[in-house]
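Presented below is the structure to which this report refers.
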Amino acid sequence: MVLYPLAQATEVLRFYRDYCRTLPDEAEAYIAMLTSPDGQPVIAMLLGYTGPLDQGERVLAPAGSSARRSPTWSGR
């Protein structure tokens with residue numbers, strides 16, 4: 001899961017729209033508006049990959065660098 005400040009929602013949603021079109025069948029991506037553990041509203045991109053780890057890291061990497069993330073990042 002990658003968390004972004006809610007102020008970046010427009011940018012993140014546009015990225016998500018375009019990014020999902022490029023994903024192989026082994027990948028999945030979802031988007032949600034959440035409240036972070038510290039109470040801040042955020043937009044979250046939830047990602048998964050059911051193939052080999054090295055391929056999944058390559059396929060999902062653009063989501064981690066698509067926008068300025070909030071300090072909270074959950075991974076592996």
Side-chain angles (χ1 to χ4, degrees):
M1 177 170 26
V2 185
L3 301 178
Y4 303 89
L6 191 58
Q8 292 181 3
T10 301
E11 178 184 356
V12 172
L13 288 168
R14 285 185 181 136
F15 170 82
Y16 175 77
R17 176 196 61 202
D18 297 337
Y19 177 62
C20 285
R21 294 177 183 160
T22 70
L23 292 176
D25 290 342
E26 297 83 8
E28 56 188 318
Y30 303 95
I31 201 117
M33 297 172 88
L34 306 170
T35 302
S36 70
D38 64 356
Q40 297 299 310
V42 295
I43 188 158
M45 197 175 316
L46 297 89
L47 306 158
Y49 190 81
T50 58
L53 182 59
D54 61 329
Q55 290 177 9
E57 288 176 338
R58 182 179 43 79
V59 168
L60 301 177
S65 61
S66 65
R68 200 174 65 248
R69 291 192 304 262
S70 76
T72 306
W73 162 275
S74 310
R76 299 191 201 184

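Below, all heavy atoms of this structure are taken into account, side chains as well, without hydrogens, waters or symmetry copies. These figures come from a predicted structure and were not determined experimentally.
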Review point. Considering residues, nucleotides and ligands other than Asp54, do more than 12 of their heavy atoms fall under 6.0 Å from its CG?
Key: yes
Distance, nearest 0.5 Å, that separates [atom1] of [X] from [atom2] of [Y]:
X     : Y     : atom1 : atom2 : value
Asp18 : Leu13 : CG    : CG    : 11.0 Å
Leu46 : Glu28 : CG    : CD    : 9.5 Å
Tyr16 : Ile43 : OH    : CD1   : 10.0 Å

Exercise for review: Keeping the roles fixed (side chain from Tyr4, backbone from Met45), state whether a donor-acceptor pair exists under 3.5 Å.
Suggested key: no
Practice item. Side-chain contact test, heavy atoms from C-beta onward, threshold under 4.5 Å: evaluate it for Leu34 versus Met1 and give yes or no. Key: yes
Using every non-hydrogen atom in the two residues, find where [X] and [Y] come nearest and quote the distance to one decimal.
X     : Y     : value
Tyr19 : Leu60 : OH-CA, 3.1 Å
Val2  : Ala63 : CG1-O, 4.4 Å
Phe15 : Pro62 : CZ-O, 3.6 Å

Review point. What residues form a side chain to side chain donor-acceptor pair (under 3.5 Å) with Glu26, not counting sequence neighbours?
Key: none
